[in-house]
Amino acid sequence: MADSRDAMMERLLDDAGIREGMRVLDVGCAFGALTFLVAKRVGRTGHVVGVDRDPQLLSMARAKAQEQGLSNVTFIEADLAEVPPEQGLFDAVTGRRVLMYQPDAVAALRGLVRAVKPGGLVVFQENDASIGPVSLPPLPLHRRVSEWTWRTVEREGADLHMGFHLAPAMEQAGLSVEHVRAEAILQTPKVHHAMAPILRAMLPRIVRHGVATEEEMGIDTIDARLLEERTKANTTYMGEMVFGAWARKPSAS
Ligand SMILES: C[S@@+](CC[C@H](N)C(=O)[O-])C[C@H]1O[C@@H](n2cnc3c(N)ncnc32)[C@H](O)[C@@H]1O
């Protein structure tokens, strides 16, 4: 059975030492997918503050927290590099697929490190398009879908190689990198990654940036066509690499 992105993230948080009772800042939290994973881990004695600059996504995150009756999460609207000092200092900062969207990832890291206690942790998971998509034999539709999504985020200014850039950026921001890893997102005829839902969610942006037209994507039949291609080829498809790293803010001397 291939691993999901969440399973990789859980292992990263575990290995980095994100534990019960910690105060954690989750940056670029969007609608809270990672924030809720962290909230479960820090438990009732800990707390997670999710920060994002998109108020609509934050409303969704708050509604989800309320639905789940979570009292150990709060969400604030801010730029991740300018978290208000009244939030206090955190034991750790987490983030997933966020640094790739910063015009200057090192400057963003420097800004958010101000919110971390001396000796505190900074843990990120970032995607990378340097390797993949790969499969034997090739899966042309899978490759095309991957190309549409990567080209779109690239036109929005994203760094498609943030995975490889992650550990060096942390060091340049004055952090001490303790661990870096890369894992592959795999699909098989039985294991599916949410390619079609991601394409559907990105459709207006893909069209707006002139990467592909709705007709080219054939969105109504995309799930079935992807599954058919993978099943017929009976192969394993590697879409992208996911890098994880954690680093520590130097202790005050
Ligand atoms: C791909 S989503 C991340 C999703 C989320 N971390 C998760 O794992 O489900 C990127 C998010 O980062 C937010 N973001 C990007 N740059 C930001 C910044 N400088 N300050 C605050 N939020 C930012 C965007 O608004 C968006 O919600």
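Note that ligands are numbered from 1 as they come in the structure, with each ligand's atoms numbered from 1 the same way. Side chains are part of it too, since the values below use all heavy atoms of this structure and drop only hydrogens, waters and symmetry mates.
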Subject >> Audit row: Ser130, Asp128, side chain to side chain donor-acceptor pair (under 3.5 Å) steps and yes/no >> reply: CA-CA 6 Å; Ser130 309; Asp128 197 291; 2.4 Å; yes
Which residue owns the protein heavy atom closest to [atom], what's the atom, and how far is it?
| atom | answer |
| --- | --- |
| atom 25 (O) of ligand 1 | Asp52 OD1, 2.7 Å |
| atom 20 (N) of ligand 1 | Leu80 N, 2.9 Å |
| atom 12 (O) of ligand 1 | Gly28 CA, 3.4 Å |
| atom 7 (C) of ligand 1 | Arg96 NE, 3.7 Å |
| atom 9 (O) of ligand 1 | Ala33 CB, 3.5 Å |

Closer than 4.0 Å to some heavy atom of [X] - which atoms of ligand 1 meet that?
| X | answer |
| --- | --- |
| Ala78 | 20 (N), 21 (C) |
| Ala30 | 4 (C), 27 (O) |
| Leu57 | 27 (O) |

Subject >> side-chain hydrogen bond (donor to acceptor under 3.5 Å, both in side chains), paired with His142, selected from Arg225, Glu229, Gln187 >> reply: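 It is Glu229, the one option of Arg225, Glu229, Gln187 that forms the side-chain hydrogen bond (donor to acceptor under 3.5 Å, both in side chains) with His142.
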Subject >> Option of least heavy-atom distance to atom 16 (N) of ligand 1 (set: Gln56, Gln102, Glu82, Met9) >> reply: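 It is Gln102 that holds the nearest heavy atom.
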Subject >> Identity of the nearest option to atom 15 (C) of ligand 1, non-hydrogen atoms only, from Gln125, Arg53, Arg5, Arg97 >> reply: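 Minimum heavy-atom distance to atom 15 (C) of ligand 1 goes to Arg53.
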**OP:** Apply the salt bridge (charged side-chain N to carboxylate O under 4.0 Å, His left out) test between Glu10 and each candidate in Arg96, Lys40, Arg41; give the one that qualifies.
**Re:**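 With Glu10 as partner, Arg96, Lys40, Arg41 yield a single salt bridge (charged side-chain N to carboxylate O under 4.0 Å, His left out), made by Arg41.
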**OP:** Could you tell me how the ring of Phe36 sits relative to the ring of Phe75: parallel (under 30°), tilted (30 to 60°) or perpendicular (over 60°)?
**Re:**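 If you compare the ring of Phe36 with that of Phe75, the planes turn out perpendicular.
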Subject >> Electrostatic pair Arg11-Glu183, nearest N-O below 4.0 angstrom >> reply: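 Between Glu183 and Arg11 there is a salt bridge, with a charged N closer than 4.0 Å to a carboxylate O.
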Original post:
For atom CZ of Arg44, is the number of surrounding heavy atoms from other residues, nucleotides or ligands below 6.0 Å larger than 12?
Top reply: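 Atom CZ in Arg44 is not crowded, with 12 or fewer foreign heavy atoms closer than 6.0 Å.
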Subject >> Polar proximity ligand 1 side, Asp54 side, N/O cut 3.5 Å exclusive >> reply: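 No, Asp54 has no N/O under 3.5 Å of an N/O on ligand 1.
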**OP:** State whether a side-chain donor-acceptor pair under 3.5 Å links Asn72 with Arg23.
**Re:**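 No, Arg23 and Asn72 have no side-chain donor paired with an acceptor closer than 3.5 Å.
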Subject >> Donor + acceptor pair across side chains of Asp15, His179 (<3.5 Å) >> reply: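 Short answer, no.
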